[in-house]
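All values derive from a computational prediction rather than experimental measurement. Note: hydrogens, waters and symmetry copies are ignored here, and every other heavy atom, side chains too, is used. So that the names make sense, note that chain A is the first sequence line, chain B the second, and so on, each numbered from 1.
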Amino acid sequence: MIIENYICGEFCKTITNLYSQSIDIKQVQVQKTKKEFNGDFTINVFPFLKISKKSPEQTATEIGNYLKENISEISSFEVIKGFLNITFSNSFWLNKLNKHSDNVIENNKSQNILIEYSSPNTNKPLHLGHIRNNLIGHSLSEILKANGNNVTKVNLVNDRGIHICKSMLAWQKWGNGITPEKANKKGDKLVGDFYVLFDKEYKKQVAELISNGKLKEEAEKKAELIIEAREMLRKWEAGDTEIYKLWETMNSWVYKGFEQTYNLLGITFDKTYYESQTYGLGKDEIIKGVATGALIKKEDHSICADLTSDGLDEKVLLRSDGTSVYITQDIGTAIMRKKEFNANKMIYIVGNEQIYHFQALKLVLKKLGYNWYDTISHLSYGMVELPEGKMKSREGTVVDADDLIQEMFDTAKTISSELGKLDGLTEKEIEQIIKIVGLGALKYFILKVDPKKNMLFNPTESIDFNGNTGPFIQYTYARIKSVLRKANELNIITPEKINDKIELNEIEKSIIKQIVNYNNIVNDAANELNPSIIANYIYSLVKDYNQFYHDYSILKEENIEKRNLRLFISKHTASAIKNSMN
RNA sequence: GGUUCCGUAGCUCAGUUGGAUAGAGCAACAGCCUUCUAAGCUGUGGGUCGAGCGUUCGAAUCGCUCCGGAAUCACCA
């Protein structure tokens with residue numbers, strides 16, 4: 001955008017000088033020139049025909065001539081219909097590239113950004129949906145960091161509630177004192193099994209009641225197991241020591257399991273919140289809100305926010321018995337975090353089923369008088385579907401995170417050894433490689449899709465290493481590194497030695513342009529909160545580089561400057577790729 | 001029913017604030033290991049951008065109306 005802005009500015013001056021009329025810079029449209037045409041940037045002159053009172057071709061030619069005369073870096077221009085394609089000199093691009101050599105992003109207004117992601121429940125192991133969440137959250141936080149922001153990554157664990165009591169109750173009844181160690185099982189898996197067991201037994205009871213003539217709804221409420229689970233939740237909230245101890249023990253098993261999965265994925269958090277500690281937050285704020293008249297207290301003593309003027313409904317914030325609901329807690333934590341981290345921006349990575357929830361959250365905060373309510377953004381992502389349809393825990397079609405990651409490793413190993421990529425390596429090296437490749441495949445496969453869209457996860461395609469995949473990018477990166485390793489004359493690659501005397505062919509120039517624009521893309525993606533832009537961008541860069549690689553042989557190269565240029569490009573391509581692979 | 005999101009090649013997906021002849025990969029077919037690593041490269045075929053109307057010099061992109069799919073509209077979380 002930096003170059004485009006510069007061109008826009010020069011264009012405005014040109015219009016003023018040629019036609020003595022001033023125009024708004026926003027009217028100027030500058031794009032990168034399409035591949036099929038000659039040029040680096042294209043200015044569209046159609047909107048200015050009324051000012052020039054000439055044909056599109058004449059107008060574009062006039063402007064082109066003026067720009068070329070006044071900007072020395074423009075080497076030539078071409079006019080096609082109303083499109084003015086201008087070409088910058090090679091030295092212009094090479095200098096830009098050199099400026100960005102360390103991929104340090106300039107022009108930063110550093111911000112404190114808080115990003116919440118993952119947010120698991122402690123009654124089930126992590127699954128494919130969590131993987132999408134985790135990868136988006138982690139990747140976005142890396143993008144924001146690369147932009148020079150101060151990023152705090154937080155997790156909010158849902159560790160309380162009736163669903164947690166269900167697995168606890170099942171363990172109490174049928175667990176016979178089993179532990180992850182005794183069962184030789186990950187803690188989250190073990191607890192998840194008891195949750196499933198509860199559901200199974202509960203359904204049995206319900207079916208029995210129905211066959212005894214009860215209505216379905218009544219049966220679901222009257223089944224003994226659910227009554228016991230509710231009683232357990234009541235005891236937990238009352239601070240019953242025995243229940244509390246069980247809860248702590250089982251949750252600690254789960255956390256150990258989660259930690260393993262996070263480690264496997266390479267994901268970390270700066271702070272973890274537990275809902276058991278935050279669920280009471282927000283009450284005071286809401287009561288204050290009633291006092292100021294922002295919120296409504298109803299006859300049954302429940303407290304609501306009237307959001308109808310914003311197109312939403314009435315939202316309950318405190319139950320009639322004074323206990324808090326989900327959103328109460330979120331109001332409290334938002335206010336707390338805002339203070340704690342002095343956050344300029346708070347991003348929540350949460351599935352699109354909660355779009356309504358976050359709209360309501362922001363509006364309630366607004367009503368409560370927090371004018372920073374709009375610094376909250378909800379990055380919602382779509383569901384991950386399987387070729388057979390949606391994942392359903394009841395039907396056992398949920399893709400478990402650990403299983404999936406293991407499968408990626410196994411496939412990476414199979415494919416790599418079939419291709420002979422692992423020949424002559426030590427066990428340790430092999431393990432390292434399949435981890436990088438397997439995870440790279442999974443991460444890229446998920447991140448390349450626009451988060452807001454529902455996506456289809458086809459296991460066989462995700463572990464394909466050809467084409468638009470993570471391993472292809474890694475492969476290219478590895479090859480570039482190999483080129484650089486072999487080029488022991490690296491020290492003679494200096495931009496000063498590369499000048500306009502060297503002609504750039506189309507591919508060389510296209511790669512340089514792409515790398516120069518890389519930082520801007522990163523910036524834009526950070527603004528749009530969308531890692532998939534970078535993923536797709538890097539793929540196109542890598543693809544160009546691959547052509548480049550196949551079209552030339554450095555070792556056979558006739559002149560030393562050309563060889564330097566190619567090494568120079570390789571070096572920058574490598575750093576651009578590396579930057580985006582973290 | 002209200003609100004939000006999605007619909008682009010057989011399949012999975014890109015497509016920058018409206019721009020030029022709509023792009024990749026997979027799958028199919030035909031080539032390429034004298035090159036820096038073939039996890040690659042080249043070529044061929046494949047499209048009514050869900051449909052229609054409108055806005056304008058110009059629409060996959062913006063607006064409206066339909067059609068199809070998803071999510072949501074709890075004193076659940």
Just how far is it from atom [atom1] of [X] to atom [atom2] of [Y], taken to the nearest 0.5 Å?
X	Y	atom1	atom2	answer
A/Ile327	A/Lys315	CD1	NZ	5.0 Å
A/Asn251	A/Phe258	CG	CZ	9.0 Å
A/Lys452	A/Leu529	NZ	CG	11.5 Å

[N] versus [M] - spacing of their [atom1] atoms, nearest Å:
N	M	atom1	value
B/A30	B/C67	P	46 Å
B/C76	B/G69	P	32 Å
B/U17	B/C64	C1'	22 Å
B/C66	B/A77	C1'	37 Å
B/C73	B/U16	P	32 Å
B/G23	B/U44	P	13 Å
B/G45	B/G2	P	47 Å
B/U34	B/G19	P	45 Å

Please give the nucleotide sitting opposite [N] as a Watson-Crick or G-U wobble pair, both distances under 3.5 Å, or none.
N	result
B/C66	B/G50
B/U61	none
B/C26	B/G10
B/U72	B/G2
B/U56	none
B/U35	none

When you measure only distances, ignoring hydrogens and angles, does the side chain of [X] come within 3.5 Å of the base of [N] through a donor and an acceptor?
X	N	result
A/Asn44	B/G19	yes
A/Ser380	B/A71	no
A/Asn85	B/A20	yes

Run the salt-bridge test on [X] and [Y] with the 4.0 Å N-O cut-off and return the result as yes or no.
X	Y	value
A/Asp40	A/Lys513	yes
A/Lys216	A/Glu220	yes
A/Arg234	A/Glu237	no

Option among A/Ile143, A/Leu135, A/Ile136 that satisfies the side chain to side chain contact (heavy atoms under 4.5 Å, CB included) test with A/Ser139: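 For A/Ser139, the side chain to side chain contact (heavy atoms under 4.5 Å, CB included) test succeeds with only one of A/Ile143, A/Leu135, A/Ile136, which is A/Ile143.
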How would you label the contact of [X] with the nucleic acid (heavy atoms, under 4.0 Å): base, sugar-phosphate, or nothing?
X	result
A/Lys543	sugar-phosphate
A/Glu275	sugar-phosphate
A/Thr42	base
A/Ser416	base
A/Asn121	nothing
A/Tyr326	base
A/Phe472	sugar-phosphate

Rounded to whole Å, how long is the line connecting atom [atom1] of [X] with atom [atom2] of [N]?
X	N	atom1	atom2	value
A/Gln29	B/A59	CD	P	14 Å
A/Ile433	B/U37	CD1	P	15 Å
A/Gln514	B/G23	CD	P	16 Å
A/Leu456	B/C6	CG	C1'	14 Å
A/Ile446	B/G25	CD1	P	22 Å
A/Met455	B/G7	CE	C1'	17 Å

Kindly give the heavy-atom pair with the smallest separation between A/Tyr381 and A/Gly351, and that separation in Å.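 In this case the closest contact between A/Tyr381 and A/Gly351 is CE2-N, 3.3 Å.
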Closest approach of A/Val542 and A/Ile577, non-hydrogen atoms and distance?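 Reported closest heavy-atom pair: CG2-CD1, 3.5 Å.
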Nearest to the side chain of [X] - [options]?
X	options	result
A/Arg319	B/A77, B/G40, B/A20	B/A77
A/Lys390	B/A70, B/U37, B/C13	B/A70
A/Lys452	B/A20, B/C11, B/C6	B/C6
A/Val325	B/A77, B/A39, B/C57	B/A77
A/Asp313	B/C41, B/A38, B/C73	B/C73
A/Asn468	B/C13, B/G25, B/U21	B/G25
A/Gln547	B/U72, B/C41, B/G19	B/C41
A/Val449	B/C13, B/G19, B/A38	B/C13
A/Ile415	B/A20, B/A39, B/U37	B/A39

Any side-chain N or O of [X] less than 4.0 Å from the OP1 or OP2 oxygen of [N]?
X	N	answer
A/Lys34	B/U21	no
A/Gln354	B/A77	no
A/Lys453	B/A14	yes
A/Lys486	B/U37	yes
A/Asn466	B/G40	yes
A/Lys81	B/G19	no

A/Asp464 or A/Val30, whichever maps to the more 5' nucleotide of RNA chain B: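 This one resolves to A/Val30.
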Using heavy-atom distances to pick each residue's nearest nucleotide on RNA chain B, tell me which of A/Asn454 and A/Phe445 is more 5'.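 Result of the comparison: A/Phe445.
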Parallel, tilted or perpendicular: rings of A/Phe46 and A/Phe83 (30°, 60°):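 Perpendicular: the ring planes of A/Phe83 and A/Phe46 meet at over 60°.
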Tell me if B/C33 is syn or anti. Syn = glycosidic torsion within 90° of 0, anti otherwise.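 This nucleotide is in syn.
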When you compare the ring of [X] with the six-membered ring of [N]'s base, are the centres less than 5.5 Å apart and the planes under 30° from each other?
X	N	result
A/Tyr475	B/U37	no
A/Phe83	B/A20	yes
A/Phe37	B/A20	yes

